[in-house]
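One structure is given here, and the rest of the page talks about it.
The structure displayed is predicted, hence computed values, not measured ones.
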Amino acid sequence: MATNVLEVNPERLWESLERSAEIGRFRDVGLRRLALSAEDKQMRDLFIEWVKDAGCTVEIDRLGNIFARRAGSDASLPPVAIGSHLDTQICGGRYDGILGVLCGLEVVRSLNDRGLTTKRGIEVICWTNEEGARFNPPMMGSMAFAGKIPLADVLNTRDDDGITVAEALDQIGYAGPAPVGRTFDSYFELHIEQAPVLDGEKCDVGIVVGGYKTKALRLLIKGDTGHAGGTPMGMRRNALVGAGYVIAAVNDIGLAYASDEGRTTTTRIESFPNLAGTYAEQVKLTLDFRHIDAKRFEAMDKDVRAAIAASAKKANVEIEVSEGWSFGPDLFAPDCIELLRTTAKELGLPYREMRSQAGHDAYAVATLAPTAMIFTPCHEGISHNVNENIELVRSVPGANLLLNAAVARANR
């Protein structure tokens, strides 16, 4: 580490992470802290307690997005924002999103330790429902904030129990009074990589220069229900069989594109009536496919749609296709990326430039403000899994990069 630079307090950061890991603990080593659940409320309450203790003012918008601001010397200037999320997957880990929010808190605490005031304020953000594990789509809070999803649609979205986002926000007391939308000078998000590159290369800092071209498709497969024993095979229009053909074909497409960084999967299946002795008349599927190269992505898109059509014909069913969320590969601001590069060099931190294979709130915010991301390693790239794990010593370099880059940007 170079001299005359700022450093976070590693022990305090780890203590905060460990305290978070107690809220919604699942299968001992993981977390189940679904968006707008009782566990999410408990973690949000703790986060607000922490940022207020650190001298921040707090605003909460209609979607429950939390904005904790450490004042700058010039209140007329828009703040530098640092954010991520505190909700988790159903079988989630302790660090996905959480490390980014708590590193933002640690930036504030580290400045307080030294009695430093930045020119611009620094705002730490907790976005609502990044994971999409309870309410779909993912990145819901940030996408609505950026105007990519209508606010009314988000509030009316239902979970599997029929509870709307609006009702869930009311239940936990996080339907805030602030309007959805505000101005940032810039936005920085630190996140575990969720892939094995940094861990495998023994590199502790990734500077994210973009993402993978990504799209989700929602399929409605329509057939007829009938008796599993009595109906002749040739007369069946089994929606679940059509879904099976699609699932297998889409996976094969991913394997065909895997050598140059293609990814495909079926993420969700809903079958009706979903009963023994009866085959399905309707199935809903959600498909997800990604590629690092935009042209190869378009080829993959065509292959996926052709496979859907072939599956419908083979199963004698109808398949309706609608597009879900999507985002492109070129997301982040060159000046913010260059700031991370320059700061890493000043700090003597080795880094690699990389593209994000996962989606993040930063993708939505990037449409509103100059944005960049920092990746830190996670063990073997395991994520969205209770066995997700990190090492503090390998996370601190990224946290220090975030601290120094945010302060440099805030003092412009």
Starting from the C-alpha separation in whole Å, work towards a yes-or-no answer on salt bridge (charged side-chain N to carboxylate O under 4.0 Å, His left out) for Arg25 and Glu22. CA-CA 5 Å; Arg25 184 185 292 273; Glu22 297 171 6; 5.6 Å; no
Show your reasoning for whether salt bridge (charged side-chain N to carboxylate O under 4.0 Å, His left out) applies to Glu39 and Lys41. CA-CA 5 Å; Glu39 294 81 10; Lys41 171 181 168 51; over 6 Å; no
Report yes if the side chains of Thr128 and Met140 come closer than 4.5 Å at any heavy-atom pair, otherwise no. no
Side-chain ion pair, Arg341 and Glu338, N-O less than 4.0 Å: yes
Quick one: does any side-chain atom of Asn251 pair with a main-chain N or O of Ile247 as donor and acceptor, under 3.5 Å? no
Assess, by modelled atom type and distance only, whether the side chains of Asn112 and Arg70 contain a donor and an acceptor separated by less than 3.5 Å. yes
With a 4.0 Å cut-off, would you call Asp303 and Arg305 a salt bridge? no
Glu15 atom CD, over 12 foreign heavy atoms within 6.0 Å: no
Decide, yes or no, whether a salt bridge links Lys215 with Asp301 under the criterion of side-chain N to carboxylate O below 4.0 Å. yes
Are a donor atom and an acceptor atom from the side chains of Thr225 and Glu281 found within less than 3.5 Å of each other? no
Can you check side-chain contact (heavy atoms from CB on, under 4.5 Å) on Leu339 and Thr342, steps first, answer last? CA-CA 5 Å; Leu339 173 60; Thr342 302; 5.5 Å; no
Among side-chain atoms of Arg33 and Ser20, is any donor-acceptor pair under 3.5 angstrom? yes
For the atom pair CG (Leu403) and CG (Leu347), what is the distance rounded to the nearest 0.5 Å? 9.0 Å
Test salt bridge (Lys or Arg N to Asp or Glu O under 4.0 Å) applied to Glu201 - qualifying residues, sequence neighbours left out: Arg352
Evaluate Tyr363 against Ser356 for side chain to side chain donor-acceptor pair (under 3.5 Å), listing each step before the verdict. CA-CA 10 Å; Tyr363 290 13; Ser356 171; 3.1 Å; yes
Please determine whether a side-chain nitrogen of the Lys or Arg among Arg182 and Glu59 lies less than 4.0 Å from a carboxylate oxygen of the Asp or Glu. yes
Is there a donor-acceptor pair under 3.5 Å between the side chain of Asn129 and the backbone N or O of Gly141? no
Determine whether the side chains of Gln89 and Asp96 contain a donor N or O and an acceptor N or O closer than 3.5 Å. no
Partners of Phe375 by ring pair (Phe, Tyr, Trp, His ring centres under 6.0 Å), sequence neighbours excluded? His360
Is any side-chain N of the basic residue among Lys52 and Glu49 closer than 4.0 Å to the acidic one's carboxylate O? no
Looking at Arg218 and Thr286, would you say the former's side chain and the latter's main chain have a donor-acceptor pair under 3.5 Å? no
Does NZ or CZ of Arg409 lie under 6.0 Å from the centre of the six-membered ring of Phe188, at an angle within 45° of the ring axis? no
I need the single residue from Thr343, Val205, Leu340 that forms a side-chain contact (heavy atoms from CB on, under 4.5 Å) with Tyr351. Which is it? Val205
Go through the steps for His384 and Glu131 under the test side chain to side chain donor-acceptor pair (under 3.5 Å), then give the verdict. CA-CA 9 Å; His384 286 193; Glu131 292 292 4; 3.2 Å; yes
Stepwise side-chain contact (heavy atoms from CB on, under 4.5 Å) test for Leu240 and Tyr279: CA-CA 7 Å; Leu240 195 55; Tyr279 57 84; over 6 Å; no
Pair Glu388-Arg94, salt bridge (charged side-chain N to carboxylate O under 4.0 Å, His left out): steps then yes or no: CA-CA 7 Å; Glu388 177 183 280; Arg94 297 180 172 195; over 6 Å; no
Cationic tip of Arg44 above Tyr174 ring, under 6.0 Å, 45° of axis: yes
Should the pair Arg263-Glu261 be classified as a salt bridge under the 4.0 Å nitrogen-to-oxygen rule? yes
Does Ser259 reach the main-chain N or O of Tyr257 with its side chain, forming a donor-acceptor pair under 3.5 Å? no
How long is the span from the CG atom in Leu31 to the CD1 atom in Ile90, to the nearest 0.5 Å? 13.5 Å
Before giving the answer on side-chain contact (heavy atoms from CB on, under 4.5 Å), spell out for Leu116 and Leu6 the whole-Å C-alpha distance, their side-chain angles and the decisive distance to 0.1 Å. CA-CA 11 Å; Leu116 298 177; Leu6 301 173; 3.8 Å; yes
Within the 3.5 Å criterion, strictly below it, is a donor on Asp87 or His85 matched to an acceptor on the partner's side chain? yes
Mark yes or no for whether Thr157, through its side chain, and Asp153, through its backbone, hold a donor-acceptor pair below 3.5 Å. yes
Can you check whether Gly254's main-chain N or O pairs, donor with acceptor, with Thr264's side chain at less than 3.5 Å? yes
Report yes if some heavy atom in the side chain of Leu169 is under 4.5 Å from a heavy atom in the side chain of Arg62; otherwise report no. yes
May I ask you to decide if the ring planes of Phe297 and Phe289 are parallel, tilted or perpendicular, using 30° and 60° as cut-offs? parallel
Where at least one partner belongs to residues 101-111, residue pairs that pass side chain to side chain donor-acceptor pair (under 3.5 Å), sequence neighbours excluded: Arg12-Glu106, Ser16-Arg109, Glu106-Ser110
What closest approach, in Å, do Ala133 and Leu34 show between heavy atoms, and which atom pair accounts for it? CB-CD2, 3.9 Å
Just by distance, do the side chain of Ser76 and the backbone of Asp74 share a donor-acceptor pair under 3.5 Å? no
So, Arg134 and Asp160, do they make that salt bridge, N to O below 4.0 Å? no
Quick check against the 3.5 Å criterion: does Thr278 have a side-chain atom that pairs as donor or acceptor with the backbone of Leu275? no
The test is side-chain contact (heavy atoms from CB on, under 4.5 Å); show your working for Thr118 and Val80 and say whether it passes. CA-CA 10 Å; Thr118 53; Val80 172; over 6 Å; no
Distance-only, no hydrogens or angles: does the Asn65 side chain make a donor-acceptor pair with backbone N or O of Asp61 under 3.5 Å? no
For the residue pair Pro350 and Asp204, establish whether any side-chain heavy-atom pair is separated by less than 4.5 Å. no
Begin with the C-alpha distance, continue with both residues' side-chain angles, and end with the deciding distance and a verdict on side chain to side chain donor-acceptor pair (under 3.5 Å) for Asn387 and His379. CA-CA 9 Å; Asn387 293 314; His379 179 62; over 6 Å; no
Between Arg290 and Gln357, is the side chain to side chain donor-acceptor pair (under 3.5 Å) condition met? List the steps. CA-CA 8 Å; Arg290 311 170 186 227; Gln357 300 175 37; over 6 Å; no
For Asp335 and Pro370, work out which heavy atoms get closest and say how close. OD1-CB, 4.3 Å
Full working for salt bridge (charged side-chain N to carboxylate O under 4.0 Å, His left out) between Asp260 and Arg296: CA-CA 9 Å; Asp260 60 348; Arg296 290 286 283 164; 2.6 Å; yes
Answer whether the closest heavy-atom distance between the side chains of Arg412 and Asp185 falls below 4.5 Å. yes
Flag, side chain of Glu353 to backbone of Ile207, donor-acceptor distance under 3.5 Å: no
Should the pair Phe184 and Phe67 be assigned to parallel (<30°), tilted (30 to 60°) or perpendicular (>60°) ring geometry? tilted
